[in-house]
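All remarks here apply to the structure that follows.
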Protein chains: 2
Amino acid sequence: MAPNPKHAVLDRLADIGAALAHRARLQILDLLAQAEQTVETIALKTNIPLKSTSAHLRVLREAGLATTRREGTFVVYRLADPEVHRLISAMLGIAERRSADVRDLTRRFFDDPDGAEPVTATELRRRLDRGEVTLIDVRPADEYQQAHIAGAHSVPLDTLARHSAELPRDRAVVAYCRGATCVLAATAVRRLRRAGFTAHLLRDGVPDWNRRGFPVVRQPHTTRVHP
Amino acid sequence: MAPNPKHAVLDRLADIGAALAHRARLQILDLLAQAEQTVETIALKTNIPLKSTSAHLRVLREAGLATTRREGTFVVYRLADPEVHRLISAMLGIAERRSADVRDLTRRFFDDPDGAEPVTATELRRRLDRGEVTLIDVRPADEYQQAHIAGAHSVPLDTLARHSAELPRDRAVVAYCRGATCVLAATAVRRLRRAGFTAHLLRDGVPDWNRRGFPVVRQPHTTRVHP
DNA sequence: CCAATATTCTAACGACTATTAGAATATGTC
DNA sequence: GACATATTCTAATAGTCGTTAGAATATTGG
């Protein structure tokens with residue numbers, strides 16, 4: 001009620017909190033951490049109706065978590081600050097440490113069917129340097145294009161069946177997607193195993209990998225998002 | 001609506017966001033990051049009515065951000081995870097980078113009246129090692145007691161007038177309090193200057209200082225909070 | 001076991017949020 | 001300039017949150 005300066009600052013932080021307080025917006029932020037996107041793409045990928053998507057994006061913009069850029073008739077959204085993704089990972093870390101429910105839920109997705117642990121980032125990096133594994137990025141192609149782990153090949157999940165013939169069978173395949181709340185890579189691993197590959201999962205996404213200081217290939221900002 | 005496993009995880013994260021979406025709760029978390037506290041202490045220090053405080057604490061507990069411990073008839077709250085404080089600093093960082101308003105607001109509090117910049121943590125540490133400054137912790141005594149910067153003296157703000165006679169006048173005094181959203185230290189600096197001291201402000205609080213890996217003196221958990 | 005104290009639970013009000021239909025705006029194309 | 005397209009704004013409804021009074025619970029000390 002009394003907006004003293006300290007309260008004013010806290011209220012702005014509370015706005016950020018409020019922006020993080022909805023499933024849909026967290027999903028959108030996770031997407032934006034992968035690549036800048038148009039409203040329509042976001043709506044399609046997240047399965048949120050367009051108008052709701054627009055409304056959620058407005059909240060994110062007003063909280064200072066996202067910004068826009070016009071690209072012709074399209075409006076392209078991106079994270080306002082690279083640190084935003086860290087907020088979500090910090091929340092996930094706390095949730096996993098505190099709540100057995102959340103631990104179980106993420107495990108159910110990410111643990112290998114045969115009970116093997118996902119590959120750690122450090123180990124993957126070592127094996128990549130030695131050329132021991134094939135790393136595939138199973139996100140949609142536009143996300144790969146904007147930023148991917150150095151050395152990864154783009155094999156979007158829906159093209160996996162077609163492209164798996166081209167993958168070398170004499171070494172392990174490691175798949176990754178958007179990170180800890182994304183299930184594309186887990187599905188890919190399951191399918192690859194069924195097809196006879198030695199396949200593993202990397203739980204990290206590009207933003208996590210990048211934050212560890214590991215090499216990421218990034219495309220300069222000038223990209224046209226729609227051709 | 002359809003609580004698929006991925007949505008279930010996101011909903012738990014959204015609960016954390018919702019818990020961060022209120023001025024009062026951010027204030028409480030900031031307090032808890034300093035020291036564990038009883039409901040009553042929290043209510044007093046934050047000026048939030050007891051019943052509201054209790055309600056907010058319940059939200060924090062249910063989101064997994066705080067936990068309790070009983071101490072006789074008192075219930076003592078503490079952060080459930082040391083990482084929780086990082087969430088708030090990350091939000092503040094984003095807000096300051098994105099919003100000129102927030103920058104101005106925090107500056108108005110923290111910039112020295114004569115326009116000097118606050119002391120940085122690294123510099124303070126160097127000067128402390130050399131014995132060049134007197135470091136005072138102006139938070140309430142119980143917070144100092146539970147954790148303080150190594151080498152700091154406890155001079156709660158309301159005892160400053162009485163104790164300032166004991167401070168050496170031949171070297172600079174540096175004051176700190178809870179961190180970036182706390183104004184005790186800024187007030188202390190202003191008063192010390194008026195009293196003729198060379199006084200500087202440290203913007204960091206104990207949790208920030210600790211996170212940098214700098215030395216903190218911590219009291220083991222067995223403390224009785226009320227004597 | 002009773003009283004005293006600290007805290008939480010229950011409930012109810014008003015204030016805010018989510019969703020989404022329909023109108024409005026902005027950009028590009030012909 | 002008229003038209004098509006992408007997006008946002010306006011508004012209205014249903015649902016959720018904040019606050020706080022009053023009842024209920026838990027612990028300690030007699």
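Letters go in sequence order (proteins before strands), and every chain restarts at 1. Values reported hereafter were calculated over all heavy atoms of this structure, with side chains retained and with hydrogens, waters and symmetry mates removed.
For the helix from dC1(C)-dG30(D) to dC30(C)-dG1(D), the axis fitted to the five pairs at one end and the axis fitted to the five pairs at the other end meet at an angle of 30° (nearest 10 degrees).
Comparing Glu62(B) and Ala24(A) along DNA chain C, the residue whose closest nucleotide (by nearest heavy atom) sits nearer the 5' end is Glu62(B). Both Tyr77(A) and Arg25(B) lie close to DNA chain D; mapped to their nearest nucleotides by heavy-atom distance, the more 5′-ward contact belongs to Tyr77(A).
Under the 3.5 Å distance criterion, with hydrogens and angles disregarded, no donor-acceptor pair is assigned to the side chains of Gln146(B) and Arg218(B).
Partners of Arg178(B) by salt bridge (charged side-chain N to carboxylate O under 4.0 Å, His left out), not counting sequence neighbours, listed by chain and number: Glu143(B). Contacts of Ser89(B) classified as side chain to side chain donor-acceptor pair (under 3.5 Å), with partners at least two apart in sequence or in another chain: Arg211(B). With sequence neighbours excluded, the residues satisfying ring pair (Phe, Tyr, Trp, His ring centres under 6.0 Å) with His22(B) are His56(B). Residues satisfying the side chain to side chain donor-acceptor pair (under 3.5 Å) criterion with Asp204(B), sequence neighbours excluded, are Arg212(B).
The distance between atom CD1 of Ile28(B) and atom P of dG18(D), rounded to the nearest whole Å, is 11 Å. Summarising the geometry, the separation between CZ on Arg58(B) and P on dT19(D) is reported as 14 Å, rounded to the nearest angstrom. Lys51(B) has its NZ atom 10 Å from the C1' atom of dT8(C), to the nearest Å. Atom-to-atom, CG of Leu60(A) to P of dT17(C) comes out at 14 Å; the value is rounded to the nearest Å. Whole-Å rounding puts the Asp11(B) CG to dT16(D) C1' distance at 14 Å. Atom-to-atom, CG of Asn47(A) to C1' of dT19(C) comes out at 16 Å; the value is rounded to the nearest Å. Whole-Å rounding puts the Arg61(A) CZ to dT7(D) C1' distance at 10 Å. If you take CD of Glu40(B) and C1' of dT7(C), they are 10 Å apart, rounded to a whole angstrom.
Distance from the side chain of His56(B) is smallest for dG18(D) among the nucleotides dT19(C), dG18(D), dT7(D). Of the candidate nucleotides dT7(D), dA6(C), dT8(D), dT7(D) has the atom nearest to the side chain of Phe74(A). Of the candidate nucleotides dT20(D), dG18(D), dT19(C), dT20(D) has the atom lying nearest to any side-chain atom of Ala55(B). Comparing dT8(D), dT20(D), dG18(D) by their closest approach to the side chain of Pro49(B) singles out dT20(D).
Taking CG of Leu32(B) as the reference point, atom CZ of Arg78(B) lies at 10.5 Å (rounded to 0.5 Å). Atom CZ of Arg98(A) is separated from atom CD1 of Ile16(B) by 10.0 Å, given to the nearest 0.5 angstrom.
Contact between Ala161(B) and Ser164(B) at its shortest, heavy atoms only, is O-OG, 3.2 Å.
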Letter per nucleotide, 5' to 3', of nucleotides 25-30 of chain D [B base touched, S only sugar-phosphate touched, - untouched; heavy atoms, 4.0 Å]: -SBS--

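Without hydrogens or angle criteria, Arg70(B) side chain to Val75(B) main chain gives no donor-acceptor distance under 3.5 Å.
Two residues are said to be in side-chain contact when any heavy atoms from C-beta on lie closer than 4.5 Å; Tyr77(B) and Ile28(B) fail this criterion.
In this model, the phosphate group of dT8(C) is approached by a side-chain N or O of Ser54(B) to a distance below 4.0 Å at OP1 or OP2.
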